[in-house]
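Here the structure is laid out as structure tokens; the discussion comes afterwards.
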Number of protein chains: 2
Amino acid sequence: MSNLRQRAAAPSRSLSPTLPGTPGLDHPAHLDQILVGDCVAMMERLPAGSVDAIFADPPYNLQLEGGLTRPDQSKVDAVDDDWDKFDSFEAYDAFTRAWLIACRRVLKPNGTIWVIGSYHNIFRVGTILQDLGYWVLNDIVWRKANPMPNFRGKRFTNAHETMIWASRSQDAKSYTFNYEAMKAFNDDLQMRSDWLLPICTGSERLKDGEGAKLHPTQKPEALLYRVLLSSTNPGDVVLDPFSGTGTTAAVARMMGRHFVGIERDPAYAEAARKRIAAVTPASAEGLASQRPKRAEPRIPFGAVLEAGLLTPGDELTDAKGRHKALVRADGTLEVAGTTGSIHKIGAHVQGLDACNGWTFWHTQKDGAPRPIDDLRARIREGLGLAS
Amino acid sequence: MSNLRQRAAAPSRSLSPTLPGTPGLDHPAHLDQILVGDCVAMMERLPAGSVDAIFADPPYNLQLEGGLTRPDQSKVDAVDDDWDKFDSFEAYDAFTRAWLIACRRVLKPNGTIWVIGSYHNIFRVGTILQDLGYWVLNDIVWRKANPMPNFRGKRFTNAHETMIWASRSQDAKSYTFNYEAMKAFNDDLQMRSDWLLPICTGSERLKDGEGAKLHPTQKPEALLYRVLLSSTNPGDVVLDPFSGTGTTAAVARMMGRHFVGIERDPAYAEAARKRIAAVTPASAEGLASQRPKRAEPRIPFGAVLEAGLLTPGDELTDAKGRHKALVRADGTLEVAGTTGSIHKIGAHVQGLDACNGWTFWHTQKDGAPRPIDDLRARIREGLGLAS
DNA sequence: GAGAGCTGTGAATCTGGGG
DNA sequence: GCCCCAGATTCACAGCTCT
């Protein structure tokens, strides 16, 4: 499902000719359209209680100041668009409150809303959702498989974004949650609140005429696929008030859901329309066949310390006891004043360029020497899960 | 490190006899103690600007109604303690604001605060942190390796909690972040914002007289280990205003940090004191961690000439031999009539704004090209300042 | 053609000390 | 406060060139 456009057959004139549950004659004019305009004003023109689900990717209010360069002095192409600039938290809150109120009016009583954000804005979004009477069902963490690194070494790598999933009110008990479908999707394990997905790159990422990214914050289709699979049914109406390049609409169409997109920028709206027109709705069988990738979890050496399998100050040796190293609190080793990772120090004592520290270093803690890779294996067993 | 108590030797009377940086006579009475009382009142009695870091695990305001049962009808032991009940979001906000204000007063200008929570409360905590002038540095996701499943099949498995890490204000630029230590801890990759750790179980989990868990929300020591390793140094003072079973204090003591715990419930405080007394602090060598390069003594390029490792008139090149420069007697370089520092000339020949000349320029004096940073390293070793 | 190697880039609140 | 400048700082992919 990485690229809906690539799987497209001939574009159809009518955008949703075969969708269930909406006879052509009753098909409201705004359905399966990208509407151009301010999202609050446009939503106020939609019928109350007409939407099954909302996915919203509002401005994050990043509050960036200077520029940022990579270690090779290349410039990071930051989000510096006007639409992401707000004078204050108060201004951002007022904006957020306004569009969330409009969303709540058009949402069906058992409808749900998704909002995605980062630490810059998601706390304010969550607070306002709660204050307006929405009822938070989950917060979902999108773990980015390939996030941008931290270039200055001043913080943790910002490797995730947060989505809030909420019902219209606390007493809405019959919201859609396709528990069985998500469990099947996740190799028969309950779908957790943390999802590992790559960011939107490659041919899926829309480009402008010069080959640069068309939109600074295009979301991956796989993310929307999970959102819509979990909380909507075929034939449902999905609203996206910040439609952008139309990812929500494109995935909704592919999945047999109706969509309403609202976008302020006519250029983005036009690009979205072309993208959506090229989407071929999937067959029911095709929709059922999607499976996520699973990966072996990577265990850092520090986790062995955290798990108590080794203790700072312990001694490691190679298999024959020729080299000795001291374990330090941060998961590094120390040999005669030189410190570094298990791999670096393993290479260093052997005079090599590289070394797999997991198999080179041994501990005698419980009797005979055994490779520390055994300790890693025990942690993996204990965790008993992937992805 | 799964169970500090198991590794304990004979309990010591004085809780931190060997901590650095705090001579016994000046040791304030509240240091390395669990104080019993309301956290706001107690914090108001602490000196302003006296704390390096705060870890707070406040009530989550879970808003549970009715009991929760598993599929086999067994009852889930939920958090239903009085301290987790608030009449409204407004009441919870007022409570949160009060203790975060008190925290901000006792925090040093370059101190940082960690707050952990779930979707029930973390958005309100984050909003209030921002409103009070704290500056969010990261939000960290604790991915639970073994979360409680969702028994009703109505939501995603709630498999994570969120921590907010914030500095006291936006202009506090010199907060502690042990970047190199965390990178080494994570097998030489930058530490990301998502941490996979098991919940607190087994012998680490404190039990009451009947073998039931003593506290409903005891956090794993591994979580605090990462928190304190990343954002504090040995000898720092760590405050936990909701101390509970004393996990923060126990890990702080093991890691050679001072602690101040505040707990309302005398029974929890007493259990924490016993737990802490049984902790053996790690050795100084074990506590050493990767030192940041910025902290190493500065060596001017001229020192390389003084040491005879290069000679005026020598030629330097970049790694691929595309650029050549002449070494001059005053420690500057010259390229086609332009002279300047190794950094300035490195930037100049590449047409960039900046350049680290130590890694850009190479010498072939002893065979294969190697960066002049190697020469600097040899001087540092000669000074006996390595490690 | 296969594979190694080089280059570019992504929602980013991203330096610090001395004069 | 400002200005100057030394010098520290990146991971996973995609896509291209070169052998």
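A, B, ... follow the sequence lines: proteins, then strands. Residue 1 opens every chain.
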For A:Asp87, check side-chain hydrogen bond (donor to acceptor under 3.5 Å, both in side chains) against everything at least two apart and list the hits.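 Checked A:Asp87 against side-chain hydrogen bond (donor to acceptor under 3.5 Å, both in side chains); zero matches.
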Suppose we screen for side-chain hydrogen bond (donor to acceptor under 3.5 Å, both in side chains). Which residues come up paired with B:Ser193, at least two apart in sequence or across chains? A:His160
Reading DNA chain C in the 5' to 3' direction, which nucleotide is the first one with an atom under 4.0 Å from a heavy atom of chain B, and which is the last?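 Counting from the 5' end, contacts occupy C:dT7 to C:dG16.
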Contact boundaries of DNA chain D with chain A (under 4.0 Å, heavy atoms), 5' to 3'?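 Counting from the 5' end, contacts occupy D:dA8 to D:dG15.
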Just need the stems in DNA chain D: three or more back-to-back Watson-Crick or G-U pairs, each with both distances under 3.5 angstrom, sorted by first number. C:2-10 with D:11-19, C:15-19 with D:2-6
Does the pair [X]/[Y] count as a salt bridge with the N-to-O cut at 4.0 Å?
X: A:Glu221; Y: A:Arg275; value: yes
X: A:Glu161; Y: A:Lys144; value: yes
X: B:Asp194; Y: B:Arg192; value: yes

Contact class for [X] (heavy atom, under 4.0 Å): base, sugar-phosphate, or nothing?
X: B:Ser341; answer: sugar-phosphate
X: B:Glu180; answer: sugar-phosphate
X: A:Gly117; answer: nothing

For the side chain of B:Tyr134 and the backbone of B:Ile113, is there at least one donor-acceptor N/O pair under 3.5 Å apart? no
Could you tell me whether the side chain of B:Asp52 and the main chain of B:Lys108 form a donor-acceptor pair under 3.5 Å?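 No.
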Can you label the angle between the B:Trp165 ring and the B:Trp114 ring as parallel, tilted or perpendicular, going by 30° and 60°? parallel
Partners passing ring-ring contact (aromatic ring centres under 6.0 Å, His included) against A:Tyr268 (at least two apart in sequence or in another chain):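 Testing A:Tyr268 for ring-ring contact (aromatic ring centres under 6.0 Å, His included), a comparison that skips the adjacent residues, returns A:His215.
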Would you indicate whether A:Lys344, at its atom NZ, is surrounded by more than 12 heavy atoms from other residues, nucleotides or ligands within a distance under 6.0 Å? no
